[in-house]
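Computed from heavy atoms alone, side chains included, the values below leave out hydrogens, waters and symmetry copies.
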Amino acid sequence: MNIDHRVIALIDMDCFYVQVEQRLQPEFLGKPCGVSQYYTWKGGGLIAVNYEARDFGVKRGMRGEQAKELCPDFHIFHVQEVNGKANLNRYRDASADVFRVLNANFKLVEKASIDEAYIDLTEDVQKLKDKKLQLTINDFSTTHLAGFTTKTEDERIEILNKWLNDCQLDDEKRNYDLLLGAYLIEQIRKKIKDQTGFFCSAGIARNKILAKLCCGFNKPKKQTIFTQSDIDHIFDKTPVQKIQGLGGKAGERVVELFQVEYIGQLRKYSLDMLQTSMGEKDGCWLFNLIRGIETTPVSNRNLYKSISASKNFPGKTCLDTIDKIRTWCYNLAEDVFNRLEKDRAENKRRAKLLTVICTLATNETITRSCPINEYSIDRFANDTLRILKQYNKNSLTSNIYTPVIHHIGISAGKFLDNINTKSIADLFSKQTTKIETITSTENIINCQEEEEEEEDNNTEENILEKPTTTTLPIQGDFFRKFQKFDEQTKIQLKSENKTTTSSSSITSFFSRYTSNENILNCSPNKIDDHYITCSKCHKSILIWNMPEHEDFHYAHELQIEENKTNSIIKSSKTIKRKNTNQTLDSFINKKSKM
DNA sequence: CATTAGGGAGCG
DNA sequence: CGCTCCCTA
Ligand SMILES: Nc1ncnc2c1ncn2[C@H]1C[C@H](O)[C@@H](COP(=O)(O)OP(=O)(O)OP(=O)(O)O)O1
Ligand SMILES: [Mn+2]
Ligand SMILES: [Mn+2]
């Protein structure tokens, strides 16, 4: 099967938590509503807002009170509280209702979040083809085309009808597959509505990124088809940050380093240039993406990989005594315990690792793990407490805890199946020698078993290229590049996962030691706030992006000389620098706020 | 004083 | 592996 010939759908529930609440209290259907947590503080923070309320400008993240100002009839549902803590089980259960419908109707369904699923429809579409259905506009009553924005229903029908006839008569553009996919999704959305009461929207495309993107084009209660011929003209107007995976720092890097606003503007850059700036893997992923190619498979995972409970204790609500901390350890442990027991009964598996996360007044976040030998509230709570006590600077006899705690989280993961199916037994046999010790080998197997992991090239090369030196963040990239000349080259461009740019070493370097002098050293030219002017192109560049920007010119020059020497650039893995300013900012902001 | 989740990659 | 950082709902 050609990876470009897949049919992928992304289904996303409309204002999901609100619909869950409205299903319980139908008298609020049609009225502007939202869901908030912790209503004591200014009406609580809204985590979901329905479309009626959005018309008034109410948005997620607003306070309940603020929403009331914009929309006096706004109704606020409150997340259930148990032991003084938000409990999201109602939404998890509603999510399970939806996924039961999906899993009953499709083979390959990936739970991407509490309210969305990717479905690989490729096979279903092929089967449907044999039936030679005569489809009409009535089979597509909520379908839109990503390439056309229609103002009226008549217009939608006119345009869709034309397209429908086109691809049924002559499938030169291979759009018929997408049409059948859209047909299947119209059906399943109707089933979801009938069997759960919930409305949803969907995107249908040839890969996950496009399906996700276009799902948002027409909401609520609608679905959108994104054809391959839409790629160029839509990407030319799609802000970089709208692409999943580029909503954060990676997207900022793209915008800064290439001086672009829309993802389509990257088309003029060579693979080498993208890789030089973004790294081999991400550069390759971007290069393909903007040509409509993205090969991340829909995985078959239906179950959670971790079950966690956490709570913030901002400002004066901080935990400053052992007694308070113990109480919250128990509250969180109980929530996790209840969900783990349910999970064990339903899924015949047990979590083997407990991870405790806390944020202290010093603004450090600490993460520590310990094995789970038995599901028990006491044990979860006491393990958590024991770990937290290790960071108490006060005397062990005192009830006072310093520094105060602003966040605690407990997470259970590393699930191990109880039942020895043949395949699992086989997998175990390989490293049976050390089972007892919760060690992770088994867990890895477990993970890999449910995940794709089909072809796993790159590892060898990556290891070879791992930069072993801690480079100072000072115009280092040129230097490093030449150091790498001798490296054997090749490197199959197969990598397709985007994500992450991180560099903990550099971050901590800055957080710990610097003040501006170190940062200023990076900049050859003039400092104008955080920007400097590049001597080559005279554009304003954020100073911490300057080294990559220089790489960019370097790559550009090489390219202009039309020589290949691909290997050199390809094999140079950029050490990713961090947006130091932002790191420090958030450090300071958090500190001052908490 | 946005909160409470959850998934994943890279580093040592 | 454990842990940190990143990205998303
Ligand atoms: N930042 C958040 N914090 C806590 N819960 C969130 C957050 N974002 C989303 N959720 C929850 C509430 C949402 O109803 C649910 C699904 O999110 P999402 O699909 O992004 O929006 P939505 O379903 O409310 O509206 P939409 O119709 O736009 O999809 O997840
Ligand atoms: Mn949604
Ligand atoms: Mn969603």
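Using a 4.0 Å heavy-atom distance criterion, A:Gly61 is classed as a base contact. Among the atoms of the strands shown, only primed sugar atoms or phosphate atoms (P, OP1, OP2) are found under 4.0 Å from some heavy atom of A:Ala309. Nucleic acid contact for A:Lys212: sugar-phosphate only, since backbone atoms but no base atoms lie under 4.0 Å from a heavy atom of the residue. Residue A:Tyr304 is in sugar-phosphate contact alone, with no base atom involved, counting any heavy-atom pair closer than 4.0 Å across all strands shown. Using a 4.0 Å heavy-atom criterion, one finds that A:Arg60 contacts the bases of the nucleic acid, with or without backbone contacts as well. Heavy atoms of A:Ile114 sit nowhere under 4.0 angstrom from any nucleic acid atom. Using a 4.0 Å heavy-atom criterion, one finds that A:Thr365 contacts the sugar-phosphate atoms exclusively.
With distances taken from any side-chain atom of A:Asn312 to the nucleotides C:dC3, B:dT4, C:dA9, the minimum falls on B:dT4. Closest to the side chain of A:Arg368, out of C:dT4, C:dA9, C:dC1, is C:dT4.
Within the 4.5 Å cutoff, side-chain heavy atoms of A:Leu360 are placed close to those of A:Tyr401.
Between A:Lys305 and B:dG6 there is no side-chain N or O to OP1 or OP2 distance below 4.0 Å. Between A:Tyr38 and the phosphate of B:dT4, there is a side-chain N or O to OP1/OP2 separation shorter than 4.0 Å. Between A:Lys249 and the phosphate of C:dC7, there is no side-chain N or O to OP1/OP2 separation shorter than 4.0 Å. OP1 or OP2 of B:dG7 sits under 4.0 Å from a side-chain N or O of A:Ser306.
Each of A:Asp335 and A:Leu46 lies near DNA chain B, and the nucleotide nearest A:Leu46 is the one positioned closer to the 5' end. Each of A:Lys316 and A:Arg92 has a nearest nucleotide on DNA chain B; the 5'-most of these lies closest to A:Lys316.
Taking 3.5 Å as the limit, the base of B:dT4 and the side chain of A:Gln37 contain no donor-acceptor pair of atoms between them.
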Whenever both distances are under 3.5 Å in a Watson-Crick or G-U wobble pair, mark it; put DNA chain C into dot-bracket that way, with [ ] for crossing pairs and | when the partner is on another strand. |||||||||

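We find that CG of A:Leu332 is positioned 12 Å from C1' of B:dA5, with the value rounded to whole Å.
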Does the side chain to side chain contact (heavy atoms under 4.5 Å, CB included) test come out yes or no for A:Lys414 and A:Ile372, once each step is laid out? CA-CA 10 Å; A:Lys414 303 279 181 194; A:Ile372 295 174; over 6 Å; no

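Separation of the A:Tyr17 and A:Phe77 ring centroids does not fall under the 6.0 Å cut-off.
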